[in-house]
Amino acid sequence: SQQGEEDPQALSIQEGENATMNCSYKTSINNLQWYRQNSGRGLVHLILIRSNEREKHSGRLRVTLDTSKKSSSLLITASRAADTASYFCATDPSGGSNYKLTFGKGTLLTVNP
Amino acid sequence: DVKVTQSSRYLVKRTGEKVFLECVQDMDHENMFWYRQDPGLGLRLIYFSYDVKMKEKGDIPEGYSVSREKKERFSLILESASTNQTSMYLCASSTQGRGSPLHFGNGTRLTVT
């Protein structure tokens, strides 16, 4: 069953602009992770935020988590053409097996040079 | 760096054939996973394994089986391939522990004709 749902499905911006992607989920979670997938490749882990955290930074990435709204956002600042990829959120539900991350359908980000 | 290697990037098989997809990881990870990725459906978990010879069904195990005889190798088996199993198959591994990131291979694009 799908837990996380990303929004928007697709986003097109110019190089240098910021990109914001959102993820909503349905049940309580232990943590939420964001992954990137370049075309035709596997997913790469970007960042993890735990349920007791509200914000986390890693380089040009900023992730927020609002457990009351069951939502998360991923902000990429000063985007580059190389950021063009699909971005997925993955949730680790509370009470569930810690093996079973559930992925959303992804946001396709296009950064135009 | 963790390396997860899937034996084939592209595979074309006929309906009814028995198909083996192989995955090897080099970081002594306890957990290994098989996902399939389809447009509009995101990633769906087929099977996972948390130890040698141990396996658990994911969300869509029907038509698939798995084998984990050695810690580094996790095989996905399509007993009798069908056209609705045409998809991108992604293998991943992780260490034990909640929140451990998944490390993905580059995927096998399987076409069943």
Side-chain angles (χ1 to χ4, degrees), chain A residues 1-10 21 23-25 28-53 56 58 61 63 65 72 85-108, chain B residues 1-6 8-10 21 23-25 27 29-51 54-61 66 68 74 88-109:
Chain A
S1 59
Q2 295 294 334
Q3 164 77 312
E5 291 288 340
E6 294 88 347
D7 169 58
Q9 289 187 340
M21 287 157 273
C23 172
S24 59
Y25 56 91
S28 297
I29 60 172
N30 285 297
N31 63 75
L32 185 146
Q33 302 177 34
W34 284 92
Y35 288 79
R36 183 189 76 228
Q37 183 180 34
N38 290 92
S39 180
R41 314 291 278 187
L43 281 72
V44 174
H45 181 261
L46 294 176
I47 196 167
L48 175 148
I49 188 164
R50 299 190 189 282
S51 59
N52 61 353
E53 297 175 309
K56 216 164 173 184
S58 176
L61 304 181
V63 170
L65 180 66
S72 173
S86 291
Y87 292 82
F88 295 86
C89 67
T91 52
D92 174 10
S94 298
S97 162
N98 67 335
Y99 311 116
K100 290 184 71 172
L101 281 183
T102 303
F103 286 82
K105 298 175 185 178
T107 291
L108 175 60
Chain B
D1 262 1
V2 177
K3 193 165 184 182
V4 178
T5 303
Q6 295 184 230
S8 305
R9 287 283 281 142
Y10 300 95
L21 302 184
C23 175
V24 177
Q25 50 96 1
M27 281 300 290
H29 283 173
E30 292 83 5
N31 301 332
M32 295 189 76
F33 307 82
W34 276 106
Y35 287 87
R36 66 176 281 178
Q37 183 177 24
D38 300 286
L41 295 177
L43 275 78
R44 293 178 291 167
L45 181 63
I46 304 171
Y47 267 98
F48 64 95
S49 168
Y50 51 89
D51 201 350
M54 305 304 288
K55 60 186 179 186
E56 282 197 30
K57 294 179 180 178
D59 297 318
I60 51 163
V66 290
R68 194 163 180 205
F74 192 36
M88 170 71 95
Y89 289 88
L90 292 164
C91 175
S93 72
S94 73
T95 59
Q96 295 280 17
R98 197 129 228 156
S100 298
L102 299 186
H103 299 264
F104 282 85
N106 280 327
T108 295
R109 187 166 292 282

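A note on names: the letters A, B, ... follow the listed sequences, proteins ahead of strands, and every chain is numbered from 1.
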side-chain contact (heavy atoms from CB on, under 4.5 Å) between A:T102 and B:R44, worked out: CA-CA 8 Å; A:T102 303; B:R44 293 178 291 167; over 6 Å; no

B:Q37 versus chain A, the contacting section by heavy-atom distance below 4.5 Å: side chain

Leading residue by heavy atom contact count with chain B [cutoff under 4.5 Å; candidates A:V44, A:L43, A:N38, A:L32]: A:L43

side-chain contact (heavy atoms from CB on, under 4.5 Å) evaluation trace for B:Y35 with A:L101: CA-CA 11 Å; B:Y35 287 87; A:L101 281 183; 4.2 Å; yes

Which atoms of B:S100 approach chain A - backbone, side chain, both or neither, heavy atom under 4.5 Å: backbone

Which atoms of B:R109 approach chain A - backbone, side chain, both or neither, heavy atom under 4.5 Å: neither

Greatest number of heavy atom pairs closer than 4.5 Å to chain A - which of B:G107, B:G58, B:G40: B:G40

Check: B:L102 main-chain N/O paired with A:Y35 side-chain donor or acceptor under 3.5 Å: yes

A:Q9 atom CD, neighbour heavy-atom count above 12 within 6.0 Å: no

Nearest heavy-atom neighbours spanning B:R98 and A:P93: NH2-O, 3.4 Å

Closest non-hydrogen atom pair, B:L90 against A:Q37: CD1-NE2, 4.2 Å

